[in-house]
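Working notes, structure below.
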Amino acid sequence: MSSYGPAEPPRYNPRATGALARSPSEQLEPTRPLARSRSRRLHSRNDGDEPGRSSALFRVVSGIFTLLLLVMAIGGALALVLQNWVNVPGPLAASKALVIPKGEGVHDIAARLEREGIITDRRLFMAAYLIAKATRWGDGTRPLQLKAGDYEIPKAASIRSVIDIIGEGKTIAHRVTIPEGLTSYQIVERLKADPDLAGEIAQVPEEGSLLPETFSVQHATQRQTIIDKMQAGSRKQMEKLWAQRQKGLPFKTWEEAVVLASIIEKETGRNDERERVAAVFINRLRQNMPLQSDPTILYGINGGKTEWGRKILQSEIDQKTAHNTYQIRGLPPTPICNPGRAAIEAVLNPASTKEIFFVADGKGGHIFAETLKDHNVNVQKYRALEREKEKDAKAKAAASGATVATGPALPDKKADKSAASEKIVPEKAAPERPATEKPAAEKAVQDKSKNAGPPQPSKAAETPVPAKVASEKASLDKNKNAAPGEPDKAADKTTDRSKGAATPTGTRRRAANEDGAWSSTTEPTEPKAKH
């Protein structure tokens, strides 16, 4: 039998379990508090045994977060409402130009927009601007800033569109166009007359030093700034084109090339003729022949204030000036205008021809010739065309019962060889001439009357007159009895361009375009003839 008996059950310990004592002596003992857990003991140590402080702090933090959430909710709702408002079409019934000066603040810009009817409420614009600025600041993009400048606000532009246009600086540029063929004085006057520009021009630049161009500038750009750009463009162009010139040209400097280019610019406006016209003048320079360019007469008299396209009097042709290429040989001392790039390129790379004459073809262009014989034939064709046009005009006038103002009557064939003695007659003293061809008997009488000039053209037609230098008169007199179109024997041996005297007074007609250039692209009834 084993010494170990059955295991005794564990004794009940009322103190351990916290149960009430059953004996009287246990009831007299004080009740012991229950042991606190470890987590509660640690919590008491941390808060200094002040549980009320932790709960108050929690309530404050909770209230702040609640308030923030409420503000965010309200702000989001307002942002959605504002988003709809700023995208509503604006009150503009048509697109409008807006000028924002430099130094104007956001409040001033908002007031200007409201005043000019672009927006309905400046406060709404300010709110939308601040939200857009905060949004850009939050996503790290470029800060929003309203910029000064010229703007075009489209029709019914919303506030958001206006903010985008002004904030991104989408300005409209003011276009300043300086056409080819104006003198420096005329360019300065044109800039002075532009109300969108500002400032003064120190002095009139040298003739030929400005590059005609179209500039895009902001409102109130300084006029001197545009002059500086044109001069810089001319220098840059010189460096490029001068290096690409043909060899063997009859000038040695860029300045001389610009002088001839300025003459080409005023002689023709057709792109397909510039190189040939340039070749004619270059061939004349090589043969020491006078250039005999009508625009040089006008510039020699009036300089930069020249009225291009007006009729030229015989007294002006005979007037000796430094620029009158009827009185001098070679190039004038300065350009007569500011030529464009095309005219300069034509001078530096002229056509390869031997032509030294050209005459208007009656269709806006010219016919070129190498010899006086061919030139005389071309002149006669031009005169025949002019007579036909004049007859047609008179026939139409007779049919309609209207009076047509015509230019001077074309001289007869024999008068072609005595053009050196012709003169401009004042309009009131101009004798009447029938437009039809005169009989041979009348022609003979007319040849004897050398002082009778052609009738003055009407105000609608201008009549430049070619000059005849004294040195050619003897040669021309020898051929007075020659038939029209027949070259004299010594014609091809001479080096004087004006010996082709087959272009008398009244056949060299020009018309000025709107910029004052003598252009061969004008109406066929007013072509210009070269001899």
Side-chain angles (χ1 to χ4, degrees), residues 71-179 188-201 213-227 229 514:
V71 170
M72 291 177 63
I74 296 174
L78 291 176
L80 290 176
V81 175
L82 185 63
Q83 185 81 2
N84 293 330
W85 284 349
V86 299
N87 289 321
V88 172
L92 276 182
S95 60
K96 185 174 183 178
L98 173 68
V99 179
I100 298 180
K102 291 183 179 180
E104 198 164 71
V106 179
H107 293 278
D108 297 329
I109 294 175
R112 179 183 294 275
L113 293 173
E114 184 182 36
R115 185 170 58 253
E116 298 194 13
I118 297 175
I119 61 175
T120 55
D121 192 338
R122 71 180 73 181
R123 294 166 295 184
L124 186 59
F125 178 87
M126 287 295 302
Y129 167 74
L130 293 175
I131 291 176
K133 187 172 184 178
T135 302
R136 289 198 180 188
W137 178 81
D139 58 18
T141 57
R142 186 176 58 182
L144 177 63
Q145 182 179 3
L146 303 183
K147 302 176 178 64
D150 295 1
Y151 299 92
E152 183 176 0
I153 307 301
K155 174 183 177 181
S158 64
I159 291 179
R160 177 179 293 277
S161 299
V162 175
I163 292 176
D164 291 341
I165 291 172
I166 303 177
E168 295 179 12
K170 298 178 180 179
T171 58
I172 55 174
H174 174 61
R175 295 174 67 85
V176 178
T177 299
I178 306 298
V188 169
E189 291 300 309
R190 177 173 288 222
L191 294 178
K192 286 181 179 180
D194 194 329
D196 292 319
L197 303 179
E200 300 295 332
I201 298 175
E213 199 172 346
T214 296
F215 300 91
S216 296
V217 299
Q218 296 299 320
H219 178 75
T221 297
Q222 295 294 311
R223 295 181 174 88
Q224 186 62 47
T225 300
I226 298 178
I227 292 293
K229 287 183 178 180
E514 61 179 355

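If you read the sequence from its start, that first residue is 1, and numbering goes on from there.
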Which atom pair, heavy atoms only, marks the closest approach of [X] to [Y]?
| X | Y | answer |
| --- | --- | --- |
| Leu92 | Lys155 | O-CG, 3.7 Å |
| Ala198 | Ala220 | CB-O, 3.7 Å |
| Ser158 | Val88 | CB-O, 3.3 Å |
| Pro91 | Gly117 | CG-O, 3.2 Å |
| Ser161 | Ala157 | CB-CB, 4.4 Å |
| Asp121 | Glu114 | CA-OE2, 3.9 Å |

Going by heavy atoms in the side chains, are [X] and [Y] under 4.5 Å from each other?
| X | Y | value |
| --- | --- | --- |
| Pro154 | Ile165 | yes |
| Ile159 | Tyr129 | no |
| Phe215 | Lys229 | yes |
| Val176 | Thr214 | no |
| Met126 | His107 | yes |

To the closest 0.5 Å, what do you measure between [atom1] ([X]) and [atom2] ([Y])?
| X | Y | atom1 | atom2 | result |
| --- | --- | --- | --- | --- |
| Tyr151 | Ile166 | OH | CD1 | 6.5 Å |
| Arg122 | Asp108 | CZ | CG | 9.5 Å |
| Ile201 | Gln222 | CD1 | CD | 10.5 Å |
| Ile100 | Ile109 | CD1 | CD1 | 4.5 Å |
| Leu124 | Ile119 | CG | CD1 | 7.5 Å |
| Asp196 | Asp150 | CG | CG | 7.5 Å |

Is there a donor-acceptor pair under 3.5 Å between the side chain of [X] and the backbone N or O of [Y]?
| X | Y | value |
| --- | --- | --- |
| Arg223 | Gly199 | yes |
| Thr135 | Ile131 | yes |
| Lys96 | Glu116 | yes |

* Apply the test side-chain contact (heavy atoms from CB on, under 4.5 Å) to residues Arg190 and Ile178: give CA-CA distance (whole Å), side-chain angles for both, the deciding distance (0.1 Å), then the verdict. => CA-CA 8 Å; Arg190 177 173 288 222; Ile178 306 298; 4.0 Å; yes
* **Thr171 versus Gln218, side-chain donor and acceptor atoms under 3.5 Å** =>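 Thr171 and Gln218 do have a side-chain donor-acceptor pair below 3.5 Å.
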* To do: Inspect the contact between Glu104 and Arg112 and indicate whether a charged nitrogen and a carboxylate oxygen are less than 4.0 angstrom apart.
  =>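 Yes, Arg112 and Glu104 are salt-bridged.
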* Worked check of side-chain contact (heavy atoms from CB on, under 4.5 Å) between Val217 and Leu197 -> CA-CA 9 Å; Val217 299; Leu197 303 179; 4.1 Å; yes
* Look at atom CZ of Arg123 and say whether more than 12 heavy atoms of other residues, nucleotides or ligands are closer to it than 6.0 Å. => no
* To do: Would you check, one step at a time, whether the test side-chain contact (heavy atoms from CB on, under 4.5 Å) holds for Ile163 with Leu144?
  => CA-CA 9 Å; Ile163 292 176; Leu144 177 63; 3.9 Å; yes
